[in-house]
Q: 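Dumping the structure here so I can ask a few things about it.
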Protein chains: 2
Amino acid sequence: MRPTDLAEIRRLSLFRDMSQQCYEQLTRGVYVQHFPESLTMIRQGEPADFLHILLDGQVELFASWGDRETTMSVIKPIGTFILAATIRDAPCLMSARTLERSRIMLLPSANLRQAFRDDRGFAHAIVDELAGCYRAVVRHAKGMKLRNSRERIASYLMRQAQLAGDVRSYQLPVEKRLLASYLGMTAENLSRALRGLEEDGLKVDGTRVIITDPIKLMKIAKLDMLMDGPDPSPTTEAASLPKATA
Amino acid sequence: MRPTDLAEIRRLSLFRDMSQQCYEQLTRGVYVQHFPESLTMIRQGEPADFLHILLDGQVELFASWGDRETTMSVIKPIGTFILAATIRDAPCLMSARTLERSRIMLLPSANLRQAFRDDRGFAHAIVDELAGCYRAVVRHAKGMKLRNSRERIASYLMRQAQLAGDVRSYQLPVEKRLLASYLGMTAENLSRALRGLEEDGLKVDGTRVIITDPIKLMKIAKLDMLMDGPDPSPTTEAASLPKATA
DNA sequence: CAGTGGACTTGATAAATGTCAAGCGTGAGA
DNA sequence: TCTCACGCTTGACATTTATCAAGTCCACTG
């Protein structure tokens, strides 16, 4: 691993609170690697040998059953994947492939478990990360069960606008067919629904999203912290070491 | 807390590996309580003050949005809930209510976080539990996105038969309307689909399920370890302290 | 013992969503 | 520059799923 990589990694919230000794031990077997676009690097059912940490690029987590396939999540830097499988030493429930050329850090599962045992700061960072992943899937499942496709689209696109800094217009971060799969519908239906939403304050032209009437659109999206986020900032006062108070 | 409760709890996998000191500290603020049937004890959006551990009875986790509601999970003893919210000190994403009179242990979130910091065995048990919860939701989400209602019913009922010990006939563990909600459909549709499945080796009469033709039913259910479980037994060799291999 | 409410079922109908086939547009590579 | 592949769109149609309205059955209760 290159020293510049090492320095960069040390700053990640996962590793920031580790003792130097544990950190060195942990990173002994670690390496950082580039993957080309559209490469499936993990197949569901395979053992989870490494925790993956996405440093640059974009990765899709997807699931298949028979000949069907669905996008479960899109990971952006800095994000981790297959953490749960790593912890349990269980087979991955999802597959992973790059959506673009990506730089990924691979952390051997055994090292992770060792460091979890040895270092409290790391252990805390890991559960916190895992709890975040859990809450993200719960949100996704809620969306699938409580909203219809029109509402899923509206809420997704509004939420993205929020994340981009409460803008009225932005670029779609992913291809439409991927978005359709993520939102649990066919590409055809997404296309049609987008057209239908033009009546409701939304315009999508190619990859450009324009929210022409936020109030109207919100009546459909009904964004909800408990379904769309954001999660309160991770690892806040209550969860970390007490310092301010006494 | 009664001494008999205390002894019982100590044996739970969550607490089994704790040091006596940490255990005593942890259980200082703990209490065990009975709840009547149909009592909503947690409302989504509320802070998670306690980790809940179900000792007896049955609890439903459900989510709502506007006037819609859906069952996310049914907890059976021994099971935990709102672990992730507890860890993150974040609002609960789901509500919880008893399906029958239940005995529940309440463990203050602050105690949990303290014990997590102080005791490795406990920390490990907690991540392991959380990882299990994560994988369960991922499975649920996969089922919702990859299978249609007919397939979800078939796979659910086959899986229950497996869990009951590979039997051909058993009692439904929950009411049908609850099952419908859990499987993401209306009660009417469940009823009709069950009728339709009589052609495919399944008979449901009241709460009695009879798998008349497992092979035929399996062609629809297509049970899959990665979607229907079981998960490899939690906390196995690889994840715990090395002992056999010197 | 009758009454009441709730779970479950059934049928008719509507709405949502998927499938198939075709055509458009654009970008990568020959 | 041409061509091809692929993402996207559109239309027609099929299938799935939800909604609404009865009606049955059963358990609980006054």
Side-chain angles (χ1 to χ4, degrees), chain A residues 36-38 60 65-71 97 99-101 143-157 171-200 202-209 220, chain B residues 36-38 58 60 65-71 74 97 99-101 143-157 171-200 202-209 220:
Chain A
E37 185 181 332
S38 295
E60 175 193 8
W65 184 64
D67 58 357
R68 296 177 210 166
E69 199 176 286
T70 188
T71 302
R97 71 182 150 219
L99 292 173
E100 46 187 81
R101 179 175 150 84
M144 294 304 306
K145 296 184 78 175
L146 290 168
R147 295 208 257 232
N148 62 27
S149 56
R150 186 185 175 72
E151 292 160 342
R152 291 201 295 277
I153 295 168
S155 55
Y156 175 86
L157 293 178
Q171 295 285 122
L172 268 186
V174 293
E175 285 183 349
K176 284 181 183 166
R177 59 183 198 87
L178 179 71
L179 180 57
S181 175
Y182 175 66
L183 295 177
M185 67 192 76
T186 59
E188 293 96 322
N189 255 324
L190 172 60
S191 191
R192 274 187 272 264
L194 284 178
R195 170 152 312 269
L197 283 168
E198 286 178 13
E199 314 263 283
D200 300 282
L202 179 70
K203 185 80 198 306
V204 177
D205 184 30
T207 67
R208 173 124 237 116
V209 180
I220 295 171
Chain B
E37 186 182 329
S38 296
Q58 214 170 10
E60 174 194 7
W65 184 64
D67 59 357
R68 297 178 210 166
E69 199 175 286
T70 188
T71 301
V74 174
R97 72 183 148 219
L99 292 173
E100 46 187 81
R101 179 175 151 85
M144 294 304 305
K145 296 185 78 176
L146 290 168
R147 296 208 256 232
N148 63 25
S149 57
R150 186 185 175 73
E151 292 161 343
R152 291 200 295 277
I153 295 168
S155 55
Y156 175 87
L157 293 178
Q171 295 284 121
L172 268 187
V174 293
E175 284 185 349
K176 284 182 184 166
R177 59 182 198 84
L178 179 72
L179 180 57
S181 174
Y182 176 67
L183 295 177
M185 66 193 74
T186 58
E188 292 97 321
N189 256 324
L190 172 61
S191 189
R192 274 188 272 267
L194 284 177
R195 171 152 313 269
L197 284 169
E198 286 177 14
E199 315 263 282
D200 300 281
L202 180 71
K203 186 79 198 305
V204 178
D205 184 31
T207 67
R208 173 124 238 116
V209 180
I220 295 171

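So that the names make sense, note that chain A is the first sequence line, chain B the second, and so on, each numbered from 1.
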Q: Please report, rounded to the nearest Å, how far the P atom of C:dG18 is from the CZ atom of A:R150.
A: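 Roughly 15 Å, once rounded to whole Å.
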
Q: Nearest to the side chain of B:K176 - D:dG7, C:dC8, C:dG18?
A: C:dC8

Q: A:R192 side chain: which of D:dT10, D:dT9, D:dA18 is closest?
A: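 Within the option list, the nearest is D:dT10.
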
Q: Among the nucleotides D:dT17, C:dT17, C:dG18, which one has an atom lying closest to any side-chain atom of B:S149?
A: D:dT17

Q: What is the distance, to the nearest angstrom, from the CZ atom on B:R147 to the C1' atom on D:dT16?
A: 17 Å

Q: If we only count heavy atoms from C-beta on, is the A:I153 to A:L179 side-chain gap below 4.5 Å?
A: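 No, side chains not in contact.
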
Q: For the pair made of CZ in B:R68 and P in D:dT17, what is the distance, rounded to whole Å?
A: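 Result: 17 Å.
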
Q: Please report, rounded to the nearest Å, how far the C1' atom of C:dT19 is from the CG atom of A:D67.
A: 13 Å

Q: Answer with base, sugar-phosphate or nothing: what part of the nucleic acid does B:R195 contact at a heavy-atom distance below 4.0 Å?
A: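 Answer is sugar-phosphate: B:R195 comes under 4.0 Å of backbone atoms only.
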
Q: Rounding to an integer number of Å, can you tell me how far B:L190 CG sits from C:dA7 C1'?
A: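 It works out to 12 Å between those atoms.
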
Q: Counting only distance, no hydrogens or angles, is the base of D:dT17 paired donor-acceptor with the side chain of B:R152 under 3.5 Å?
A: no

Q: Please state how far atom NZ in A:K145 lies from atom C1' in D:dA18, giving the value in whole angstrom units.
A: 16 Å

Q: Is there a donor and acceptor pair, one atom on the side chain of B:E188 and one on the base of C:dC8, closer than 3.5 Å?
A: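 Looking at the base of C:dC8, it does not pair with any donor or acceptor on the side chain of B:E188 (distance under 3.5 Å).
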
Q: Starting at CG of A:D205 and ending at P of C:dT26, how long is that distance when rounded to a whole Å?
A: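 Rounding to the nearest Å, CG of A:D205 and P of C:dT26 are 11 Å apart.
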
Q: Can you tell me how far the CG atom of A:L190 sits from the CZ atom of A:R177, to the nearest 0.5 Å?
A: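 So the CG of A:L190 and the CZ of A:R177 are separated by 12.0 Å.
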
Q: Before accepting this row, confirm whether a basic side-chain N of the pair A:R97/A:E60 lies closer than 4.0 Å to the acidic partner's carboxylate O.
A: yes

Q: Decide yes or no for A:L197 and A:I220: does some side-chain heavy atom of the first lie under 4.5 Å from some side-chain heavy atom of the second?
A: yes

Q: Check every atom of D:dT17, D:dT9, C:dG18 against the side chain of B:N148 and return the nucleotide holding the closest atom.
A: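 Within the option list, the nearest is D:dT17.
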
Q: Determine: side-chain N/O of B:N189 to OP1/OP2 of D:dT17, distance under 4.0 Å, yes or no.
A: no

Q: Under 3.5 Å, is there a donor-acceptor pair between the side chain of B:E199 and the main chain of B:G196?
A: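 Side chain of B:E199 to backbone of B:G196: no pair is present.
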
Q: Between atom CZ in A:R177 and atom P in C:dG18, what is the gap in whole Å?
A: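 Nearest whole value for this atom pair: 16 Å.
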
Q: Can you check whether A:T186 has a side-chain N or O nearer than 4.0 Å to OP1 or OP2 of C:dT17?
A: no

